[in-house]
There are 2 protein chains.
Amino acid sequence: MNERAPNSEWLRGVLETCVLQTMVAGPTYGYQITTQLAEAGLGELKGGTIYPLLARLEKKGLVSVEWRAGDGGPGRKYFALTADGLTELHEAKLAWRAFNTTISTHLDLSSVQSQQEVTS
Amino acid sequence: MNERAPNSEWLRGVLETCVLQTMVAGPTYGYQITTQLAEAGLGELKGGTIYPLLARLEKKGLVSVEWRAGDGGPGRKYFALTADGLTELHEAKLAWRAFNTTISTHLDLSSVQSQQEVTS
DNA sequence: ATGACTAAATAGTCTCGCTAAGTAGTCAGA
DNA sequence: TCTGACTACTTAGCGAGACTATTTAGTCAT
């Protein structure tokens, strides 16, 4: 399983959008984001990836930050979407969809069969 | 137009696959690839992007190289897909599609409306 | 000649996801 | 009480690859 492992190259840029998306449901914190994105199939992000990313979001004013006590554990740094963050998220999603359409068209993905389809 | 210009961050990794795809129709050369990808909507790749990329493909054995005389102009370095290259292309397309499904699902893209849809 | 277009190469920069290591809080079990 | 596991955040440094910018060089029209 997982024979094409290190395609995390593809996360460039989109990861930021994915993180913003996790905040739509309400404020959340770094460690929780990593577990949620792992469940979503994006792989296990390490601290060295997620925390600098969150710091960049804060610096850009896309999220606001608040420390809260941990629920049986260390304190947590909660991040919430700002108005700018919500706008950015929406635009990024549109842009991603457009980009993706361009790529998929060029790669002629509709003509590609997966092994699952072939063997079924 | 083009207000979110530099999303070329997203090209990371996929660009290589797109270049391989252009060779499916037959051998081609760097300069032509850049014009074809520009027409496909991927933006104007500069020499500093495409030539190192082609060199990497050659180094990996995914393409073979042949110099030919130019048609009213300098000589051209033609690149053709090898068997390995074709295999790699197919696998990369499957992997991209899977990755893309994961991302699109997480971003809940089906719920996003473009400005075009809103104003139509 | 001069400039425009084609065609490839290379040096150097920057971003960002990565590895790796550290700090620190809570809690269960030996 | 000590050890380990889990939670939670931080930081330093690395590397891949797309970027800018420049150079070289062939053909052709003005």
Side-chain angles (χ1 to χ4, degrees), chain A residues 4-20 22 27-39 42-60 62-63 65-79 92 99 103, chain B residues 4-20 22 27-39 42-60 62-63 65-79 92 99 103:
Chain A
R4 278 188 72 85
N7 276 336
S8 60
E9 195 79 11
W10 289 342
L11 284 179
R12 280 253 172 178
V14 213
L15 181 55
E16 193 172 301
T17 306
C18 289
V19 168
L20 288 176
T22 63
T28 183
Y29 55 97
Y31 190 81
Q32 190 173 52
I33 291 170
T34 63
T35 62
Q36 282 182 358
L37 292 184
E39 285 170 14
L42 299 197
E44 309 235 349
L45 300 177
K46 298 305 169 51
T49 296
I50 192 70
Y51 294 111
L53 188 156
L54 288 167
R56 291 199 298 273
L57 293 180
E58 185 188 357
K59 198 173 177 184
K60 291 196 235 173
L62 303 181
V63 299
V65 185
E66 183 194 358
W67 276 98
R68 296 190 203 170
D71 178 24
R76 296 168 179 168
K77 208 171 169 181
Y78 275 83
F79 296 85
F99 171 79
I103 298 294
Chain B
R4 280 187 69 85
N7 276 334
S8 61
E9 194 78 10
W10 290 342
L11 284 178
R12 284 250 172 180
V14 214
L15 181 54
E16 193 172 302
T17 306
C18 289
V19 168
L20 288 176
T22 63
T28 183
Y29 55 98
Y31 190 81
Q32 189 174 53
I33 291 171
T34 63
T35 62
Q36 282 183 359
L37 293 185
E39 285 169 13
L42 299 197
E44 309 236 349
L45 300 176
K46 299 303 169 52
T49 298
I50 192 70
Y51 295 113
L53 188 156
L54 288 167
R56 291 198 300 273
L57 292 179
E58 186 188 357
K59 197 172 176 184
K60 289 196 237 174
L62 304 181
V63 299
V65 185
E66 183 194 358
W67 275 96
R68 297 190 203 168
D71 177 24
R76 299 167 180 167
K77 208 171 168 181
Y78 276 81
F79 296 85
F99 171 79
I103 297 294

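Excluded from the calculations below are hydrogen atoms, water molecules and symmetry mates; all remaining heavy atoms, backbone and side chain alike, are included. Note on naming: letters A, B, ... go to the chains in the order of the sequence lines (proteins, then strands), and numbering restarts at 1 for each one. Everything numeric in this text was worked out from a predicted model, so none of it was measured.
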(request) Output the distance between atom CG (A:Leu15) and atom CG (A:Leu42), rounded to the nearest 0.5 Å. (result) 7.5 Å
(request) Classify the side chain of A:Arg12 versus the base of C:dG17 as yes if they form a donor-acceptor pair under 3.5 Å and no if they do not. (result) no
(request) Whole angstrom is fine here: how far is it from CD in A:Glu44 over to P in C:dG17? (result) 17 Å
(request) Provide, to the nearest angstrom, the distance between the CH2 atom belonging to A:Trp67 and the C1' atom belonging to C:dG25. (result) 11 Å
(message) If I take atom CD in residue A:Glu9 and atom P in nucleotide C:dC16, what distance separates them, rounded to the nearest angstrom?
(response) 13 Å
(message) Rounded to the nearest 0.5 Å, what separates atom CG in B:Leu53 from atom CG in B:Leu45?
(response) 8.5 Å
(message) How long is the straight-line distance from CZ of B:Phe79 back to CG of B:Leu62, given to the nearest 0.5 Å?
(response) 12.0 Å
(request) Please list residues of residues 29-36 of chain B whose heavy atoms come under 4.0 Å from any atom in DNA chain C, ordered by number; otherwise none. (result) B:Tyr29, B:Gly30, B:Tyr31
(request) Could you tell me the separation between the CH2 atom of B:Trp10 and the C1' atom of C:dT15, rounded to a whole number of Å? (result) 16 Å
(message) Assuming nearest nucleotide by heavy-atom distance, tell me which of B:Gly48 and A:Gly47 is located more 5' along DNA chain C.
(response) B:Gly48
(message) Between P on D:dC19 and CG on B:Leu42, what's the gap in Å once rounded to a whole number?
(response) 10 Å
(request) Find the distance A:Leu57:CG to C:dC16:C1' and express it as a whole number of Å. (result) 12 Å
(request) Mind running a 4.0 Å heavy-atom check of residues 68-77 of chain A against DNA chain D and sending the residues that fall below it, in number order? (result) A:Pro74, A:Gly75, A:Arg76, A:Lys77
(request) Using only side-chain N and O atoms of A:Ser8, determine if any of them is under 4.0 Å from OP1 or OP2 of C:dG17. (result) no
(request) Let me know the distance between CD of B:Glu66 and P of C:dA8, rounded to the nearest Å. (result) 13 Å
(message) To the closest 0.5 Å, what do you measure between CD (B:Glu58) and NZ (B:Lys77)?
(response) 5.5 Å
(message) Once rounded to the nearest 0.5 Å, what's the spacing between atom OG1 of B:Thr49 and atom CD1 of B:Ile33?
(response) 12.5 Å
(message) At less than 4.0 Å, is any side-chain N or O atom of A:Tyr51 found next to OP1 or OP2 of D:dT10? Yes or no.
(response) no
(request) May I have the distance from B:Arg56 (atom CZ) to D:dG15 (atom P), rounded to whole angstrom? (result) 16 Å
(request) Enter the distance from B:Arg76:CZ to B:Asp71:CG here, rounded to the nearest 0.5 Å. (result) 5.5 Å
